[in-house]
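What follows is a set of notes on a single structure, which appears directly below.
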4 protein chains.
Amino acid sequence: MPRPPGHGPGYEIKRQEIIDRAAELFARKGYAATGINEIGGAAGLTKGALYYYIGSKENLLVEIQSRVMRPLLRTARRIARLEVDPVLRLRLLSEALLSIILRRLDHIWVYEHDYRMLGGDNRTRLLRQRGEFEGIISNLLAEAMDSGEFREMNPRLAMLQFLNMHNHTYQWVRPDGRWDAGYLSREYCATLFTGFRAAPGPVDDLEERVLKFREQHPEIVLDPLEGGETEA
Amino acid sequence: MPRPPGHGPGYEIKRQEIIDRAAELFARKGYAATGINEIGGAAGLTKGALYYYIGSKENLLVEIQSRVMRPLLRTARRIARLEVDPVLRLRLLSEALLSIILRRLDHIWVYEHDYRMLGGDNRTRLLRQRGEFEGIISNLLAEAMDSGEFREMNPRLAMLQFLNMHNHTYQWVRPDGRWDAGYLSREYCATLFTGFRAAPGPVDDLEERVLKFREQHPEIVLDPLEGGETEA
Amino acid sequence: MPRPPGHGPGYEIKRQEIIDRAAELFARKGYAATGINEIGGAAGLTKGALYYYIGSKENLLVEIQSRVMRPLLRTARRIARLEVDPVLRLRLLSEALLSIILRRLDHIWVYEHDYRMLGGDNRTRLLRQRGEFEGIISNLLAEAMDSGEFREMNPRLAMLQFLNMHNHTYQWVRPDGRWDAGYLSREYCATLFTGFRAAPGPVDDLEERVLKFREQHPEIVLDPLEGGETEA
Amino acid sequence: MPRPPGHGPGYEIKRQEIIDRAAELFARKGYAATGINEIGGAAGLTKGALYYYIGSKENLLVEIQSRVMRPLLRTARRIARLEVDPVLRLRLLSEALLSIILRRLDHIWVYEHDYRMLGGDNRTRLLRQRGEFEGIISNLLAEAMDSGEFREMNPRLAMLQFLNMHNHTYQWVRPDGRWDAGYLSREYCATLFTGFRAAPGPVDDLEERVLKFREQHPEIVLDPLEGGETEA
DNA sequence: AATGAATGAGGGTTCATTCAT
DNA sequence: AATGAATGAACCCTCATTCAT
């Protein structure tokens with residue numbers, strides 16, 4: 001999104017560096033709580049010079065969102081088009097998603113936290129892109145259900161489970177190399193896809209046991225908001 | 001400056017109402033981007049009167065965190081002490097957690113997003129409480145592994161999967177009654193606990209197929225950050 | 001200055017106690033920087049109740065000024081009327097002044113610092129009273145000059161020297177009993193009255209030496225605001 | 001947030017002008033009672049622009065204190081090092097002190113009144129500097145006593161008398177040229193040094209007369225706080 | 001004799017942004 | 001390509017005071 005008509009050769013490089021610094025700061029302190037001054041300081045520029053590169057604070061946010069969304073969507077589209085088993089495609093998509101989460105951790109923080117700070121158009125566009133990404137996953141899950149690899153489920157809920165599992169990772173993972181995308185993807189997919197597969201497993205009487213427990217202990221209220229101090 | 005020693009009967013009621021309004025606003029716009037003026041306006045009070053009730057903006061944040069953390073932790077402790085199978089206890093905990101997420105949705109938004117805005121002591125205390133909650137889940141998972149109901153897994157990663165699945169729900173669920181805690185808990189636990197159970201399932205050759213795919217298609221780079229524009 | 005038409009017996013007592021507490025706080029933190037809340041807290045009253053006793057914050061200031069000015073002026077008038085030597089009367093006045101400074105130290109702080117916070121009428125009245133006090137001293141000094149005990153001086157400057165010496169004491173004296181009014185008065189008067197007395201003393205060539213020093217060292221500039229870094 | 005790294009040529013000039021205006025206002029109304037808005041108005045700047053120059057309100061106070069303390073201390077050190085008679089040095093110091101009082105009258109008001117508004121570090125530093133200044137005077141007085149020019153006195157009390165006499169001047173002197181530093185210094189030093197000199201003078205029976213007066217008139221209570229309304 | 005609640009103006013400070021140079 | 005200076009709105013918070021009860 002170049003604004004002034006003509007730029008020198010270093011323009012885009014410096015611009016990208018500023019966005020990097022901004023992502024770090026936004027991730028650490030939040031978009032709203034980070035001042036333009038701090039960004040300028042981190043990038044070694046005065047406020048005035050900063051505006052030559054960025055146009056506005058919200059632009060920075062837009063760019064950071066794009067840096068996550070654009071490669072993610074591009075890769076998701078390519079994976080979706082591969083001519084292999086849908087479960088395998090989901091597994092590849094899982095790893096691609098985790099890969100970007102782990103390597104652009106601060107961008108992801110901003111992406112997950114501050115997308116609601118975007119104004120009208122920017123926000124709409126982002127939500128449309130997220131919708132497309134979710135659609136790709138839903139389609140793959142539907143394919144796996146159609147082929148009998150996964151049991152029949154609410155497809156939207158299955159997609160949401162997939163995203164819950166992956167997208168919340170940014171909250172606790174640290175960029176210290178202790179976790180890598182391949183390992184996490186293996187583990188997540190082992191859990192999810194076993195849980196999604198067709199044959200019922202040995203824990204399937206769990207819901208009956210829940211009901212029985214509630215019948216036998218009607219006095220125990222486990223609703224967190226119901227008080228329940230009586231048993232103390 | 002401690003709150004005045006005595007309050008009228010309406011004080012606590014109004015105070016709670018203010019916290020409610022603040023939670024709505026913080027959830028919608030973020031803590032840092034919500035002004036004290038807006039909160040006053042939403043509560044029908046002038047700024048001065050507002051401060052008679054709240055003491056400080058951060059206090060509001062603390063109260064909102066407490067309204068999530070206190071009942072959650074209390075219920076989690078009670079469930080952990082029940083003398084039933086650990087898998088059943090995890091299922092009950094799942095439902096309790098989802099119950100609070102669904103019914104205090106805006107509090108959860110704030111809880112998940114803005115805890116980092118808390119200053120020193122408040123933050124430390126909150127993190128300690130979160131640690132305790134995570135410990136309870138870890139212990140239940142460890143019990144289930146010891147009893148052979150779940151296979152041996154990295155206990156921390158299992159706990160994190162459990163929390164990923166549940167805690168990300170606030171991002172997409174709407175308080176419109178379309179989803180209820182019991183249903184979501186059943187579905188989440190069906191997926192997770194089948195995935196966690198001891199016997200390997202029929203998708204266990206997935207990882208071999210991943211490796212094979214990569215061998216056979218070394219030219220396909222699926223790393224989102226590796227460029228990969230060549231195929232465009 | 002009782003305001004409500006009828007009071008119970010404890011009214012004036014409590015009122016005086018409030019003024020005491022206010023004087024302490026004003027002395028320690030300054031009038032403008034002390035809040036009504038603090039005064040209420042120190043007096044064990046809520047803000048509302050406080051106003052029942054004091055009427056306004058400025059009223060407190062007026063009362064504190066009066067507590068200094070009224071006894072001081074009354075005593076000064078009595079001393080002035082005594083039929084003894086003016087130097088003796090000055091000595092008695094000195095001790096009376098120091099006595100009130102030492103025993104109402106916090107009132108004096110407020111009296112010296114914050115009289116300029118008084119609004120129109122209150123301020124005018126206070127300045128008139130101060131003028132009367134200064135007049136009493138001036139008259140005594142003039143009497144002493146007329147009688148030949150003191151040499152002829154600018155009477156206003158002599159009075160100002162007398163007041164400088166005494167009134168600045170509050171800045172460094174502590175209410176710990178290390179200094180007492182009698183001792184300080186003896187010392188101050190020994191210095192002042194010897195200095196004021198008629199006969200020139202052995203240091204009277206000092207001014208000549210000052211002039212000679214300046215002639216002999218014209219390059220040494222001792223004016224604090226003249227730079228003078230040259231000699232560094 | 002340090003001041004921006006570079007400033008234009010007018011920056012320091014404008015900054016000094018702002019400090020001037022602030023000193024006037026602080027002197028007239030007191031530091032705590034003067035608003036940032038007023039300062040901005042007096043300097044012809046909006047609040048935002050004002051902060052570009054000053055950083056904080058307390059900074060202004062610090063600068064004003066420095067403008068008094070720095071030249072005063074520098075000059076005092078230079079005078080102390082002169083190789084002339086200690087009494088002459090005291091006389092030069094007296095004039096330097098009065099010179100700064102008369103020419104920076106509003107700064108002195110602030111210096112004397114509002115140093116207690118300084119926060120921790122700034123206050124500590126200032127008090128240390130005041131201590132050094134007092135030490136210089138004490139040393140000169142001690143030298144004069146050792147050389148026999150002054151009689152033996154409590155050295156701290158002698159220093160305090162010197163400072164009382166000089167430092168209280170700001171309370172009544174007007175910047176109208178009616179008084180000048182040389183004249184005041186001559187008069188003050190004439191009084192003080194004659195009072196301090198070795199030989200006892202003709203008023204030295206004053207204390208005996210005080211005692212005799214009290215014996216002969218035991219019914220006359222001259223303590224300002226002892227009631228004494230009886231004679232009214 | 002005292003309270004709890006409210007007001008509204010003002011406190012000091014930081015904000016994102018603009019623009020002439 | 002970048003700066004220093006300015007703006008003006010908004011920031012969170014505290015103030016002295018009032019008044020029905």
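In the text below, chain A, chain B and the rest are named by the order of the sequence lines, each starting its count at 1.
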Spacing of B:L60 atom CG relative to F:dC13 atom C1', expressed in whole Å
13 Å
In whole angstroms, the gap separating P of E:dA2 from OH of C:Y11 amounts to 11 Å
Would you call B:R67 and B:D106 a salt bridge, taking side-chain N to carboxylate O under 4.0 Å as the test?
no
Under 4.0 angstrom, heavy atoms only, what part of the nucleic acid is D:G8 near: base, sugar-phosphate, or nothing?
sugar-phosphate
What about D:K47: does its side chain form a donor-acceptor pair under 3.5 Å with the base of E:dT13?
yes
Paired to E:dT17 by Watson-Crick or G-U wobble criteria (both distances under 3.5 Å) is F:dA6
Is the phosphate of F:dG8, meaning OP1 or OP2, less than 4.0 Å from a side-chain N or O of D:T46?
no
Is A:Y52 near enough to F:dA1 that one of its side-chain N or O atoms lies under 4.0 angstrom from OP1 or OP2?
yes
Using Watson-Crick or G-U wobble geometry with both distances below 3.5 Å, tell me the partner of F:dA1, or none.
none
Name the closest nucleotide to the B:L45 side chain, picking from F:dA6, F:dT17, E:dA6.
E:dA6
Contacts of A:G48 and D:G48 projected onto DNA chain F by closest heavy atom; the upstream (5') one is A:G48
So which one's nearest nucleotide on DNA chain E is more toward 5', D:E58 or B:G44?
B:G44
Rounded to the Å, how far apart are A:R15 CZ and F:dA2 P?
14 Å
D:N59 atom CG is separated from E:dG12 atom P, nearest whole Å, by 14 Å
Can you see whether D:Y111 has D:R104 sitting over its ring - NZ or CZ less than 6.0 Å from the centre and within 45° of the normal?
no
Taking atom CZ of B:R116 as the centre, report whether more than 12 heavy atoms of other residues, nucleotides or ligands fall under 6.0 Å from it.
yes
Does C:Y53 put a side-chain nitrogen or oxygen below 4.0 Å from OP1 or OP2 of E:dA2?
yes
Looking at D:Y51, I'd like to know whether one of its side-chain N or O atoms comes within less than 4.0 Å of OP1 or OP2 on E:dT13.
yes
Starting from the 5' end of DNA chain E, give me the residue, A:T34 or D:E38, whose nearest nucleotide shows up first.
D:E38
Provide, to the nearest angstrom, the distance between the NZ atom belonging to D:K29 and the P atom belonging to E:dG11.
8 Å
Output the rounded distance in Å from CE (A:M117) to P (E:dA16).
12 Å
Contact class for B:I36 vs. all strands (heavy atom < 4.0 Å): base, sugar-phosphate, or nothing?
sugar-phosphate
Over all atoms of both residues, closest heavy-atom pair of B:L50 and B:G40:
CD2-N, 3.8 Å
Would you classify A:G35 as touching base, sugar-phosphate or nothing, given that sugar-phosphate means primed atoms plus P, OP1 and OP2, and contacts are heavy atoms under 4.0 Å?
sugar-phosphate
Could you tell me how far apart B:I13 (CD1) and E:dA5 (P) are, to the nearest whole angstrom?
11 Å
Does D:N37 place a side-chain N or O at less than 4.0 Å from the phosphate oxygens OP1/OP2 of E:dG11?
yes
Whether D:E24 and D:R21 form a salt bridge (side-chain N of Lys/Arg under 4.0 Å from carboxylate O of Asp/Glu) is what I want to check.
yes
Decide, yes or no, whether a salt bridge links C:E12 with C:R15 under the criterion of side-chain N to carboxylate O below 4.0 Å.
yes
Judged by nearest nucleotide, the residue sitting upstream toward the 5' end of DNA chain F, B:A32 or C:Y31, is B:A32
Atom pair distance, as rounded to whole Å: CG in C:L50 and P in F:dC15:
14 Å
